[in-house]
Amino acid sequence: MKNKRSNSLKANIVFFVLLFFVVPHGYSKNEENTKSSMAVLERLIGDRAKEFDLLIIENKDQNNSDSFEIETIGNRVKITATSNSSICYAAYTFLRDIGAVSVSWEGNRIDLPKTWPKYSKRQSTPFKYRKYLNACTFGYTTPWWDWKRWEQEIDWMALHGINLPTAMEGQEAVWQLLWKEYGLTNSELEAHFAGPAFLPWQRMGNINSLEGPLPQGWINKKEAVQKNIIQRMKALDMYSVVPAFSGYVPKAFAAKHPESKISELKSWSGGGFESTYLLDSKDPLFKEIGKRFIEIYIKLYGKSDFYLADSFNEITPPVSEEHKYEELSDYGKTIFETINEAAPGATWVMQGWLFGDNKEFWTKEATSAFLSKVPNDRMIIQDYANDRYKVWENQEAFYGKQWTYGYVHNYGGSNPVYGDLNFYKNELTGLLKNPNKGNLIGYGVMPEGLNNNSIVYEYLYDLPWTQGEESVNDWLKKYLNARYGGNTADPVFQAWQLLIKSVYSTRYWETRWWEDKAGAYLFFKRPTLKITEFKGNPGDKVVLKEALDIFKKESKNFDKKNLYHYDVLETSRHYYSLCIDDLLIECVKAYEINDIKKGDALFKEIEKTALDIDKMLSGEALNDLNYWIKSASDYGSTPEESKLYVKNAKTLITLWGGEGHLNDYASRSWRGMYKGFYWPRWKMFLQALKTAKVNKTPFAESNENELIKQWEINWCDRN
């Protein structure tokens with residue numbers, strides 16, 4: 001009896017010791033583990049986040065793919081997941097499913113119920129990684145972002161389940177330290193670095209020095225913000241993809257090392273840019289510089305598991321015809337070994353864009369040679385142009401290497417309303433069933449520009465989890481309920497179905513390139529008489545007008561702050577921009593056949609429509625030239641910096657592209673651009689055409705275009 005009591009007493013003591021020490025300790029540890037995801041929720045819904053119980057569990061999936069489980073018990077929401085990013089996605093899925101929250105660049109709708117409804121869901125994804133952000137986004141969108149704006153974007157990433165974001169900020173601080181170690185002076189670096197808006201192409205070896213110099217203040221600010229970015233991404237269990245050395249060196253470095261094998265490359269994209277310089281992979285300096293870059297980077301920002309190196313972005317590799325495959329394989333081998341020696345165990349990440357963009361060079365033999373000496377599990381090819389190219393199919397799913405599937409969707413920040421939800425769904429379901437998909441480990445979208453077509457990104461980041469099993473209509477109903485509120489009437493859903501049919505069934509806005517001219521609409525392109533040959537924009541304008549009519553009719557049922565009105569605005573500016581394109585064609589035709597009366601009537605209608613769009617967009621920060629310019633100006637610490645940044649900001653969205661065909665590539669459907677940039681160009685052109693016809697003299701189109709180009713230069717120079 002004594003022994004039983006003694007054993008019972010010991011058992012009780014052990015139990016209370018465990019209760020006192022182990023349980024509280026475990027709870028505290030879990031609170032620490034989920035601290036970052038809880039902070040995301042608190043920033044989103046405030047104190048109500050305290051009603052969420054968050055738990056990270058061990059990932060037992062053989063592919064380390066994420067999963068989560070949500071259940072409401074009483075008035076608490078319990079979320080169990082395999083990472084902080086999947087916790088955030090789970091929480092957002094719950095809040096959106098119950099119609100309480102919608103998160104987008106243009107604003108959030110938050111209307112929480114007093115008590116949480118009964119809810120249960122379990123989901124997993126076959127994709128270990130959900131990627132995000134193009135290397136070019138850091139020029140087209142983020143040059144003037146401070147930490148506050150980056151924190152907002154990282155929260156957006158977390159809530160959308162992203163865990164493989166590209167993180168390119170802050171690298172100029174590393175390049176500066178590196179090149180100074182190799183004897184380059186401040187003045188030589190000033191002649192090397194491009195202006196802030198053009199750094200992505202500097203980094204990829206396409207340009208040097210354009211619209212510089214790069215102020216030290218900008219370098220310092222971006223160093224500070226990158227430290228915050230990396231820290232926050234790591235806390236949320238995201239794997240940041242950071243830069244590595246891909247072989248490009250400054251002109252001054254090439255001059256100081258005449259003994260090294262350095263190729264001077266032709267001007268990129270026919271733009272009349274200065275030459276860039278690529279160090280040969282067999283040169284001992286390649287590894288030396290590459291390793292030193294990563295060492296300095298680690299010292300500033302910490303070690304990463306993923307390093308981005310793109311040696312041949314839109315550039316034909318300088319290899320000999322007779323030893324082409326051997327030299328390509330050596331480039332691949334050297335880049336990988338450089339990363340591996342500086343950061344043992346890290347993975348080389350590369351963008352797969354080049355294989356689709358220059359398919360004449362990148363044959364199966366060339367691509368397989370380039371990849372041949374890199375271990376399969378130590379490389380990721382980010383294939384993200386599947387709205388244009390089927391690279392993975394043509395390249396045999398990249399010959400055993402890990403790869404991620406996805407889309408660009410947005411090019412240059414240009415913002416027509418488009419996407420193709422059914423295409424994305426069908427592509428994903430077909431991809432998952434395809435026996436030739438190879439070592440597919442990720443999914444996502446890598447836009448060049450942000451802040452547009454939110455529905456596309458909302459849908460694309462649900463697909464890795466739903467795997468296309470939900471119909472577009474069923475998904476759309478939940479999306480609208482969360483975005484507008486529970487009173488969304490049938491006509492609104494009908495309008496959105498018409499939107500899906502008319503504009504969201506366009507996988508690529510192909511007329512952004514027409515007759516080798518960039519620009520989202522004809523109105524945004526440099527004027528030309530050839531527009532009379534234009535075959536029309538994508539989508540169905542008649543059906544779009546049906547949708548818009550319903551939207552306008554139902555507007556009275558929504559509060560002025562409801563995101564419904566933003567969507568009506570987006571639909572309107574897109575529809576009326578398409579109308580301007582049609583009017584332009586008819587106006588040019590009228591003047592050409594000397595129907596001056598009709599031409600003048602169309603001229604006035606174009607002008608009125610353009611000015612109406614400009615006025616209509618008033619108050620929408622994301623669609624405002626002044627907002628973009630002010631962001632650039634405010635980022636400067638001195639008047640000189642602000643002036644430089646403003647010119648960068650204006651040049652990027654207009655003249656960017658040099659003497660080639662890229663000008664207007666980053667055209668923006670913004671307030672201020674219709675009235676202040678696009679219409680003045682066409683006005684000059686149409687008036688000159690009319691004058692020639694009235695005077696019965698030949699129309700000197702080339703001369704008029706030179707005048708327009710000079711006007712554009714002056715527009716960019718005006719501060």
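Between Ser240 and Tyr301, the closest side-chain pair of non-hydrogen atoms is not below 4.5 Å. Here the side chains of Met233 and Gln231 are not in contact, with every heavy-atom distance at 4.5 Å or above. Using a 4.5 Å cut-off on side-chain heavy atoms (C-beta onward), Trp509 and Tyr521 make contact. The shortest distance between side-chain heavy atoms of Ile441 and Ile380 falls below 4.5 Å. In this structure, the side chains of Met238 and Leu164 stay at 4.5 Å or more apart for every pair of heavy atoms. No side-chain heavy atom of Asn206 sits less than 4.5 Å from a side-chain heavy atom of Phe198. Contact of the Thr571 side chain with the His574 side chain is not registered, since no non-hydrogen atoms from C-beta on lie closer than 4.5 Å. Counting only heavy atoms from C-beta outward, the side chains of Arg483 and Asp567 approach each other to under 4.5 Å.
If you look at Trp105 and Tyr566, their ring centroids are not closer than 6.0 Å. Taking the six-membered ring wherever Trp is involved, the centroid distance between the rings of Phe306 and Tyr129 falls below 6.0 Å. You'll find the ring centres of Tyr665 and Trp656 outside the 6.0 Å limit. Not less than 6.0 angstrom separates the ring centroid of Tyr508 from the ring centroid of His409.
Counted by atom type alone, Thr137 and Asn134 present zero donor-acceptor pairs between their side chains at under 3.5 Å. In the model, Ser65 has no side-chain atom that pairs as donor or acceptor with a side-chain atom of Lys128 under 3.5 Å. Residues Asn415 and Asn453 have side chains that never bring a donor and an acceptor to within less than 3.5 angstrom of each other. No side-chain donor from either of Trp145 and Glu153 sits under 3.5 Å from a side-chain acceptor of the other. One side chain, Asp310 or Gln351, offers a donor N or O that lies under 3.5 Å from an acceptor on the other. Looking at Gln382 and Trp403, their side chains never bring a donor and an acceptor atom within 3.5 Å of each other. Between the side chains of Asp97 and Tyr119, at least one donor-acceptor pair of N or O atoms lies under 3.5 Å. Using modelled atom types and a 3.5 Å distance limit, the side chains of Ser86 and Ser83 yield a donor-acceptor pair.
Annotation: Tyr239, atom OH; neighbour count of heavy atoms from other residues, nucleotides and ligands within 6.0 Å does not exceed 12.
With Trp465 as reference, Phe68 is the one residue of Trp475, Phe68, Tyr443, Phe127 to meet the ring-ring contact (aromatic ring centres under 6.0 Å, His included) rule. Considering Tyr457, Tyr92, Tyr459, Tyr89 as possible partners of His160, the one that fulfils the ring-ring contact (aromatic ring centres under 6.0 Å, His included) test is Tyr92.
Separation of atoms CD1 (Ile110) and CG (Leu112) is listed at 6.5 Å; rounding is to 0.5 Å. Taking OH of Tyr461 as the reference point, atom OG1 of Thr93 lies at 14.5 Å (rounded to 0.5 Å). Separation of atoms CG (Asn473) and CG (Asn422) is listed at 8.0 Å; rounding is to 0.5 Å. Here the CG atom belonging to Asn33 is positioned 12.5 Å from the CE atom belonging to Met38, to the nearest 0.5 angstrom. Separation of atoms CG (Asn451) and CD (Glu106) is listed at 8.5 Å; rounding is to 0.5 Å. Distance check, rounded to the nearest 0.5 Å: OH of Tyr479 to CZ of Arg96 gives 9.5 Å.
Under the side chain to side chain contact (heavy atoms under 4.5 Å, CB included) criterion, Asn59 pairs with Asp61, Asn64, Asp66, Thr82, not counting sequence neighbours. Phe493 meets the ring pair (Phe, Tyr, Trp, His ring centres under 6.0 Å) test with no other residue; sequence neighbours excluded. A search for side chain to side chain donor-acceptor pair (under 3.5 Å) contacts involving Glu169 returns Trp150, Lys222, not counting sequence neighbours. The ring pair (Phe, Tyr, Trp, His ring centres under 6.0 Å) test applied to Tyr504 returns no partner, not counting sequence neighbours. Checked against ring pair (Phe, Tyr, Trp, His ring centres under 6.0 Å), Tyr424 has the following partners two or more places apart in sequence or in another chain: Tyr407. In this view, Phe370 and Phe312, Trp348, Trp362 satisfy the ring pair (Phe, Tyr, Trp, His ring centres under 6.0 Å) rule, not counting sequence neighbours. With sequence neighbours left out, Trp496 forms a side chain to side chain donor-acceptor pair (under 3.5 Å) with Tyr484. For Ser120, the side chain to side chain contact (heavy atoms under 4.5 Å, CB included) test picks out no residue, with sequence neighbours left out. Here Glu69 pairs with Arg122 under the side chain to side chain contact (heavy atoms under 4.5 Å, CB included) rule; sequence neighbours left out. Residues meeting the side chain to side chain donor-acceptor pair (under 3.5 Å) test with Ser414, sequence neighbours left out: Ser667.
Thr334 places no side-chain N or O within 3.5 Å of a backbone atom of Tyr331 that could act as its donor or acceptor partner. Looking only at distances, no side-chain donor or acceptor of Asn228 sits under 3.5 Å from a matching main-chain atom of Gln226. Between the Arg512 side chain and the Tyr411 main chain, a donor and an acceptor come within less than 3.5 Å of each other. No donor-acceptor pair under 3.5 Å is formed between the side chain of Asn358 and the backbone N or O of Glu314. The main-chain N or O of Tyr384 is never found under 3.5 Å from a side-chain atom of Tyr405 such that the two would form a donor-acceptor pair. Using modelled atom types, one side-chain atom of Lys425 and one backbone atom of Gly468 make a donor-acceptor pair closer than 3.5 Å. Ser36 contributes a side-chain N or O that, together with a main-chain N or O of Ala235, makes up a donor-acceptor pair within less than 3.5 Å. Remark: side-chain polar atoms of Ser104 are paired, donor with acceptor, to backbone N or O of Gly107 under 3.5 angstrom. A donor-acceptor pair under 3.5 Å is formed between the side chain of Ser37 and the backbone N or O of Thr34. A donor-acceptor pair under 3.5 Å links the side-chain atoms of Lys401 to the main chain of Val374, judged by distance alone.
Evaluation of the salt bridge (Lys or Arg N to Asp or Glu O under 4.0 Å) test over residues 377-399, restricted to residues two or more places apart or in two chains, returns Lys364-Glu396, Lys390-Glu427. Under the salt bridge (Lys or Arg N to Asp or Glu O under 4.0 Å) criterion, no residue pair touches residues 435-451, with sequence neighbours excluded.
Salt-bridge formation is not detected for the pair Lys501/Asp540: no Lys NZ or Arg NE/NH1/NH2 atom is positioned less than 4.0 Å from an Asp or Glu carboxylate oxygen. Under a 4.0 Å N-O distance rule, the pair Glu42/Lys35 does not qualify as a salt bridge.
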* Before giving the answer on side chain to side chain contact (heavy atoms under 4.5 Å, CB included), spell out for Leu133 and Phe138 the whole-Å C-alpha distance, their side-chain angles and the decisive distance to 0.1 Å. => CA-CA 8 Å; Leu133 292 179; Phe138 295 83; 4.1 Å; yes
* Asked: How far apart are the C-alpha atoms of Thr404 and Leu440, what are their side-chain angles, what is the distance that settles it, and do they pass the side chain to side chain contact (heavy atoms under 4.5 Å, CB included) test?
  -> CA-CA 6 Å; Thr404 60; Leu440 174 66; 5.5 Å; no
